[in-house]
Novice: 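Encoded as structure tokens, here's the structure I'll be asking about.
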Amino acid sequence: MILQHNIASMNVQRQLNIVGLNKQRSTEKLASGYRINKAADDAAGLAVSEKLRAQVRGLTRASENVEDGISYVRTADGALSEVGNMLQRMRELAVQASNTAVNAVDDRAKIQSEISEIRKEINRVFTDTEFNRKKIWDPSRTNAETIQVGTETHYATTIDSTSVTNTITNTNRYAFPENGQYKINADASGMKVTWKGYNGTNYESALIPWKNGDPHNSTNFELKDYLDTGTHPELVGINAKFGYSADALATTEDVISGINNTTISSWESSTERIQLYGEGGGTPSGVSASVSINYKYELTSNRDFEKADTSFIEGSQTNRWDMNAGSDKLGFTFEMEGVGTVETRLTGISYSSPDRSAAAENVWWRWRTYMDNGVLKKTQDGKSYSPSPADGSVDCFNYIVNNNDGINLLTDHKDAAGNPTKGSGSVSMSFSLMAGGKSVGTMTLNASVLNSDTGESLLNRIKSIKGADIFASANPNNNSDSGAASVSTSTSYVSGGKRVAFDVPIMESAGVISEYIQAGANEQQGIYLNYRYLSGTMLGIRTTNVEELEGAQEALSQVDKALGIVSEERARFGSYENRLDYAKKIDDNTAENLQAAESRLRDTDMAKEMSRLAKENILEQAGVSILAQANQSTRSVLSLLGGQA
């Protein structure tokens, strides 16, 4: 037994302090109604709760914004409704003024007087209608050139690559992309082009900096200017032209992201010459051909790319398959060095005509659509429409030249003015050159339709092809090492990989007023209200006059057009009102659900906290009682002292 320290009392006091602190916390939560009153109560929960609270308050305010927007739209629609009523009255008066059997000249003057007053009131509606002291059709707020008619998807970047002719040599032959792909890697400093060659080497260009330091500036470059040919002499002669343009509305990050990891696919194929043979070895008239050979198979054959090599694919005057029966198709066989027998496979046949008459729409031509300042337009100078029958058989040719359903190559052709024309149509046949079940190249035959042609003569000119030879030099009989023509590859590019897209308004010529409604809790979560600036002049009724019969008749047309414009705008505002109504419902619903989530984190469960407080009260009372007993324990020392005396 000791006297200096009452350990039992100290222990009870410490427990009472804990109980007191717990009571204080419970009391604080019960008094405030919040489970989290300070960050220490739940640090993670507080962080989440604050974000939820910001969203709830933002959505609540956004919902009110949308309500204001709905009121704005309804105000505009209400004004347009009255304008529509006034236009209907103007039209009624124009119909009345057109009845000369009843109306005298002074009657039409009185009618015109009412029309003039209606016109003034329509102008006043457009000049004076306000919402919260803000004029709805204020000309100072217009863009006098464009009006939004919808939205379209824009890409942050557009990759532009053109065909490039690369000279193939025995040195660089294996340095071209093995998988036919160049890859652009981009970051804040610029771009690099990488690829893996047929030789297995991974190549990388030097850094191509952004033009004037800004990725938005369109950049076009040639790969050869950024290749280290000193270290890699096998890259001499390899080139590719790359380019891109960036949308001005895209962010810098969007532009870089849109370029980075973009893959440019290329197809290396050597463009050879092809010699067609007719009867007796001559070239058939009105028939031409072109051919390209898959570069990979040229490598497989170990071809000498610095030699004329006129017999790369050996043909003859008798290597054509004859077309006799109606189901027969034209074809050739060749012998390819290092590959073996190459057979042609007809992959398609098409035919076209210069006929641009209205009757030939979607038969010989079709509209060419294009984008002009964000507006989709079309022109009759469109591309040829080349129907492609199912096969290239004799029966197919007969259909082309003999059918009578408006797509005959030999008859019923007219120019744009409707004058008969003939002689510049053509038939095109596409072949795949096959070896071992794989395509080693392509060949195209073109037969022009001559003025003197009949169906039989056109088919006979195609049948007159008896053979073909494919070679590299300009002269098929020149097979020597000296003066040999270099073989080149024509490489085409298409944009692939990642493209960053975003929506922008589609605008057309006309005045437009734009309002932005913040319809969400965060940045860029809004709705644009874009509508046409209107006035009496814009409606086309500024000069409406019914004092003469001719004017009364013209007034009907003017008012009808004005009604159409007003109806279109009312439909636009109606669509906006519906969209805003949906937006408000979404905001309210989202705010409600987020508030519930925030409440579960932040608010006190009163029943649970009251139970906890009751428990702490009981503990406190018990602790005080025990503390009293602990303080009595040292008094027993006095009894010991008394016994000593």
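Note that this is a predicted model, so its numbers are computed, not measured. Side chains included, hydrogens not; waters and symmetry mates left out as well; all remaining heavy atoms used.
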Novice: Any side-chain donor-acceptor pair under 3.5 Å between N446 and S426?
Specialist: no

Novice: Give the C-alpha distance, both sets of side-chain angles, the deciding distance and a yes or no for side chain to side chain contact (heavy atoms under 4.5 Å, CB included) between V66 and Y582.
Specialist: CA-CA 10 Å; V66 172; Y582 289 131; over 6 Å; no

Novice: Do T333 and V342 touch side chain to side chain, with heavy atoms closer than 4.5 Å?
Specialist: no

Novice: Under 3.5 Å, side chain of W137 to main-chain N/O of A76, donor-acceptor pair present?
Specialist: no

Novice: Would you mind reporting whether N185 and M191 have side-chain heavy atoms less than 4.5 Å apart?
Specialist: no

Novice: If every non-hydrogen atom of A206 is compared with every non-hydrogen atom of K192, which pair is closest and at what distance?
Specialist: O-CG, 4.0 Å

Novice: Is there a side-chain contact between N217 and W210 (heavy atoms, below 4.5 Å)?
Specialist: no

Novice: Is the ring pair Y576/F573 parallel, tilted or perpendicular, if the boundaries are 30 and 60 degrees?
Specialist: perpendicular

Novice: Any side-chain heavy atom of V291 within less than 4.5 Å of one from L433?
Specialist: yes

Novice: Should Q55 and N522 count as side-chain neighbours, where that means a heavy-atom distance under 4.5 Å?
Specialist: yes

Novice: Kindly determine whether E234 and Y203 satisfy side chain to side chain contact (heavy atoms under 4.5 Å, CB included), including the steps that lead there.
Specialist: CA-CA 11 Å; E234 70 273 19; Y203 294 103; 2.7 Å; yes

Novice: Give a yes-or-no answer on whether the side chains of N65 and Q518 include a donor-acceptor pair shorter than 3.5 Å.
Specialist: no

Novice: Classify the angle between the aromatic ring planes of Y182 and F242 as parallel (below 30°), tilted (30 to 60°) or perpendicular (above 60°).
Specialist: perpendicular

Novice: Charged N to carboxylate O under 4.0 angstrom, D587 versus R61?
Specialist: no

Novice: So which heavy atom on P215 is nearest to which on V255, and how close?
Specialist: O-CG1, 3.5 Å

Novice: Can you confirm whether Q595 sits close enough to T60 that some side-chain heavy atom of one is under 4.5 Å from a side-chain heavy atom of the other?
Specialist: no

Novice: Over all heavy atoms of both residues, which pair between W195 and L223 is shortest? Give the atoms and the distance, please.
Specialist: CZ3-CD2, 3.8 Å

